[in-house]
Amino acid sequence: MPDTPAVLATPRSRVRVPLRFHDGYEVDAEAVTFHGLADGQEHVAVVLGEPGPVPLVRLHSECLTGDVFGSARCDCGPQLREAVERIAERGGVLLYLRQEGRGIGLYNKLDAYALQDEGLDTYEANAALGLPEDARDYTAAAQMLRALGIGELDLLSNNPDKAAQLRDLGVDVRDRVPTGVFTTAHNVRYLRAKVLQTQHTLPLAALTGLSAG
């Protein structure tokens, strides 16, 4: 499991960014970049609303296909849209982490999609490619939170591993707040695999009765 980061990250720049979503939702945010992140990636913190002593935080892994192109094979785009509004209402931070495909990269993720079309689930497909089921490490996320002065938070996530890693890294996760359930005929097998393989807190009963179209 991860250890508390030995190197401190520091804010590099802060810039106001007005966010506009396809459904008309608008909100002003502050994007923060950092020096000294452990993995050398260009992760960004998006500060929304007025964060209080225990802000609402989401660790959102980059998903080009879902976040940008609206792919129905995952729930990443709807989760991102929901998270921005919920965090803005309460006050907190969305960490946008450059960890495409649970850390395996865009090309590998698309290769895994092809294997899923042959019947493998998302975790089996990664394994068939000789890759970890989930390669994400949240050391840089813990560094970003410390650089922002956040030591205690409520985590907006269905993924127990995110909370466990943050706690191991010395971040006090007071509560884990589940996201909504965003099912399509194309992502239900993916969502069921997350529940069955990695204990995501999604209602299994809601993920039945749909099949890939």
Side-chain angles (χ1 to χ4, degrees), residues 1-19 27-64 66-67 76 79-105 132-179 194 198-201:
M1 297 299 291
D3 297 318
T4 302
V7 178
L8 295 178
T10 56
R12 173 183 173 275
S13 66
R14 296 174 180 263
V15 60
R16 301 299 298 179
V17 179
L19 304 182
V27 66
D28 288 335
E30 181 183 49
V32 185
T33 63
F34 299 87
H35 289 297
L37 296 180
D39 58 8
Q41 295 295 315
E42 293 186 334
H43 307 301
V44 177
V46 181
V47 182
L48 296 153
E50 298 294 333
V54 185
L56 184 62
V57 172
R58 174 162 176 80
L59 278 54
H60 187 90
S61 296
E62 177 182 45
C63 178
L64 176 70
D67 296 343
C76 301
Q79 281 191 329
L80 178 62
R81 165 65 182 85
E82 174 200 39
V84 168
E85 184 170 2
R86 290 178 66 177
I87 294 171
E89 288 174 351
R90 173 168 158 181
V93 181
L94 183 142
L95 301 186
Y96 197 81
L97 305 174
R98 312 303 297 275
Q99 298 178 329
E100 183 80 47
R102 295 197 303 274
I104 66 173
E133 289 186 351
D134 192 333
R136 290 175 294 183
D137 179 283
Y138 298 107
T139 300
Q143 289 180 298
M144 295 162 76
L145 292 168
R146 285 196 177 84
L148 295 171
I150 298 172
E152 182 181 12
L153 57 86
D154 286 342
L155 184 66
L156 182 61
S157 177
N158 300 319
N159 186 351
D161 183 57
K162 290 182 179 180
Q165 283 203 41
L166 286 181
R167 288 179 175 126
D168 287 343
L169 290 160
V171 178
D172 184 2
V173 179
R174 186 181 70 174
D175 190 20
R176 184 160 59 87
V177 181
T179 74
K194 292 205 292 186
T198 50
Q199 292 74 57
H200 281 57
T201 50

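Under a 3.5 Å cut-off, the side chain of R102 and the backbone N or O of E133 do form a donor-acceptor pair. Judged by distance alone, the side chain of H43 and the main-chain N or O of R98 form a donor-acceptor pair under 3.5 Å. Of the possible polar contacts, none joining the E152 side chain to the R174 backbone as a donor-acceptor pair under 3.5 Å is found. Here the side chain of E100 pairs a donor or acceptor atom with the backbone of L64 at under 3.5 angstrom.
Using a 4.5 Å cut-off on side-chain heavy atoms (C-beta onward), T179 and L156 make contact. Counting heavy atoms from C-beta on, the side chains of L8 and T10 never come closer than 4.5 Å. At least one side-chain heavy atom of R16 sits less than 4.5 Å from a side-chain heavy atom of D28. A 4.5 Å side-chain heavy-atom check between L145 and V57 finds at least one atom pair inside the cut-off. When side chains are defined from C-beta on, V27 does not count as touching E85, because their heavy atoms never get closer than 4.5 Å.
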For this session: Please assess D137 against T139 for the test side chain to side chain donor-acceptor pair (under 3.5 Å), listing each intermediate value before the final yes or no.
Result: CA-CA 6 Å; D137 179 283; T139 300; 2.5 Å; yes

For this session: Could you please spell out the steps behind the side chain to side chain donor-acceptor pair (under 3.5 Å) verdict for R136 and Q165?
Result: CA-CA 10 Å; R136 290 175 294 183; Q165 283 203 41; over 6 Å; no

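Screening L148, V44, V46 against V32 for a side-chain contact (heavy atoms from CB on, under 4.5 Å) leaves a single residue, L148. A salt bridge (charged side-chain N to carboxylate O under 4.0 Å, His left out) with D154 holds for exactly one of R58, R90, R176; it is R90.
Nearest heavy-atom pair across Q99 and Y138 is OE1-CE2, 3.7 Å. In plain terms, the two heavy atoms of V84 and L48 that are nearest each other are O-CD1, 3.8 Å.
One finds the CG atom of L56 at 8.5 Å from the CG atom of L153 (value rounded to the nearest 0.5 Å).
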